[in-house]
Q: 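Shown below is the structure under consideration.
Indexing begins at 1, ligand by ligand and atom by atom, following the structure's order.
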Amino acid sequence: MASSSALSRLSNLHNHLNPTDPLSKGLVKLSPEVTEALSRGHAVVALESTIISHGMPFPKNLETAKEVEAIVIENGAVPATVAILDGIPRIGLSTEELERLAKLGSKAQKTARRDIAHVVAMRANGATTVSATMFFASMVGIPVFVTGGIGGVHRHGEHTMDISSDLTELGRTPVAVISAGVKSILDIPRTLEYLETQGVCVAAYKTHEFPAFFTESSGCKVPCRVDSPEDCARLIDVNMKLKLGSGILIAVPTPKEHTASGSLIESAIQSALKEARDKNIVGNAETPFLLARVNELTGGMSLASNIALVKNNALVGARISVALAQLRQ
Ligand code: PSU
Ligand code: MN
């Protein structure tokens, strides 16, 4: 017999399906696996798709996306990769849909929150960034989302005002984002300042220091440290119960065996940044340019590191999601 909390979850899902809801209007589609898991209160992990289309080259992107989903499943949660295909936002992709997106690569539109309405209205294909993925995860009640790195305040952002909408989304959407911090292509201290302004809880996993994606250290301390998936689950649970309304950034340092390449990658980042400035590459083209250029300059080392840390984040994120589902039973 279903427990009363399982019944209340089912009725919560039905509440989602009132006639004014994007789900019931068929504007947004969930995969059968994600629908089933959400209605039963099982662990679900949201995954973004810009990392697939713009963050890695084909076929490594597809291979990685599949491996990341497999890690989530092995650790007891259901993966929900988010993307917009033919104008329909999808939460949970089939293997064919994942392959289609990976092959589209940068022909899919990089879709942040500001781009969602346009991509849907034009019936186009969009790969969701952290901000857009958080929006869809929150819409259907998925509180845990795994990615590699998030966007931030760009260097010289105090002049260009190039601040990723990932940061404002974290301020307004109650989803926990598991990432390896932010890359040093960005201004890390200002990124943390901005997250504080937005009221975002920033926690580092098993450390007091905010990681810098390829390396464990950024020189910046975080206000809160968490040491286990259960710690993270309690943090997310309290954030939800208090209806704070803002997100949580859980920063997981890159696995130890990949930190050695970190300093090499760091010097490639400096050259790529100079090139971007010389070529006047700005706006939403800057992050994809820097990622691809750093990978060329390091002979593929940064891509290998990137893949390793995303998989590690998927492992930690799935465990957090399972711990949270248990807590909320
Ligand atoms: N940082 C990475 N890899 C990525 C991204 C950021 O290390 O793939 C992607 C994410 O989808 C993130 C987006 O949400 O870039 C941020 O882009 P922008 O800086 O244009 O806001
Ligand atoms: Mn930007």
Q: Give me the nearest non-hydrogen protein atom to atom 8 (O) of ligand 1 as residue plus atom name, then the distance to 0.1 Å.
A: Ile51 CA, 3.7 Å
Q: Would one find more than 12 heavy atoms of other residues, nucleotides or ligands at under 6.0 Å from atom CZ of Arg114?
A: no
Q: Run Lys60 and Glu67 through salt bridge (Lys or Arg N to Asp or Glu O under 4.0 Å) and show every step you take.
A: CA-CA 10 Å; Lys60 271 279 171 212; Glu67 284 169 357; over 6 Å; no
Q: State if Glu286 counts as touching ligand 1 under the rule of any non-hydrogen atom under 4.0 Å.
A: no
Q: Using heavy atoms and a threshold below 4.0 Å, how should the contact between Asp166 and ligand 1 be classified: side chain, backbone, both, or neither?
A: side chain
Q: Considering only NZ, NE, NH1 and NH2 on the basic side and carboxylate oxygens on the acidic side, decide whether Arg225 and Asp227 come within less than 4.0 Å.
A: yes
Q: Looking only at distances, can you tell me whether any N or O atom of Ser131, backbone or side chain, sits closer than 3.5 Å to an N or O atom of ligand 1?
A: no
Q: Polar contacts were defined as any N/O atom of the residue lying under 3.5 Å from an N/O atom of the ligand; does this apply to Thr128 and ligand 1?
A: no
Q: Could Glu230 and Arg234 be called an ion pair, given the rule that one side-chain N must be under 4.0 Å from one carboxylate O?
A: no
Q: I'd like to know if Asp86 pairs up with Arg100 as an ion pair, taking the criterion as any Lys NZ or Arg NE/NH1/NH2 lying under 4.0 Å from an Asp or Glu carboxylate oxygen.
A: yes
Q: Output yes when Lys256 and Glu216 qualify as a salt bridge under the 4.0 Å nitrogen-oxygen rule, no when they do not.
A: yes
Q: Is Thr287 close to ligand 1, meaning an N/O of one under 3.5 Å from an N/O of the other?
A: yes
Q: Do Ser179 and Val252 make a side-chain contact, defined as non-hydrogen atoms from C-beta onward lying under 4.5 Å apart?
A: no
Q: Quick check on Lys110 - does any of its heavy atoms sit under 4.0 Å from an atom of ligand 1?
A: yes
Q: Within the structure, does Gly55 bring an N/O atom to less than 3.5 angstrom of an N/O atom in ligand 1?
A: no
Q: Could you tell me the residue and atom name of the protein heavy atom closest to atom 2 (C) of ligand 1, and the distance to it rounded to 0.1 Å?
A: Lys183 NZ, 3.1 Å
Q: State the atom name: nearest N, O or S atom of Asp162 to the Mn ion (ligand 2).
A: OD1
Q: Assess whether a salt bridge exists between Asp237 and Arg328, defined as any Lys/Arg side-chain N lying under 4.0 Å from an Asp/Glu carboxylate O.
A: yes
Q: Within the structure provided, determine whether Lys221 and Phe210 are in side-chain contact (heavy-atom separation under 4.5 Å).
A: no
Q: Verify whether one side chain among Thr81 and Glu69 offers a donor that lies under 3.5 Å from an acceptor in the other.
A: yes
Q: Where is the nearest protein heavy atom to atom 21 (O) of ligand 1: which residue, which atom, and how far?
A: Ser164 OG, 2.7 Å
Q: Using a strict cut-off of 4.0 Å, indicate which atoms of ligand 1 neighbour a heavy atom of Phe213.
A: 7 (O)
Q: Report the nearest protein non-hydrogen atom to atom 3 (N) of ligand 1: residue, atom name, distance rounded to 0.1 Å.
A: Leu291 CD1, 3.6 Å
Q: Just so I know, are the side chains of Thr133 and Phe135 near enough to count as touching, which here means a heavy-atom distance under 4.5 Å?
A: no
Q: For atom 11 (O) of ligand 1, what's the nearest protein heavy-atom neighbour? Residue, atom name and distance, please.
A: Glu48 OE1, 2.7 Å
Q: Salt bridge or not between Glu193 and Arg190? Use side-chain N to carboxylate O under 4.0 Å.
A: no
Q: Using a 4.0 Å heavy-atom cut-off, which part of His154 comes near ligand 1: side chain, backbone, both, or neither?
A: side chain
Q: Under a 4.0 Å heavy-atom limit, does Asn306 contact ligand 1 with its side chain, its backbone, both, or neither?
A: neither
Q: Considering non-hydrogen atoms of the protein only, which is the closest contact for atom 6 (C) of ligand 1, and what is the distance?
A: Gly149 O, 3.6 Å
Q: Can you list the ligand 1 atoms lying under 4.0 Å from a non-hydrogen atom of Thr129?
A: 11 (O), 14 (O)
Q: Give the residue and atom name of whichever protein heavy atom lies nearest to atom 9 (C) of ligand 1, and the separation in Å to one decimal.
A: Thr50 CG2, 4.2 Å
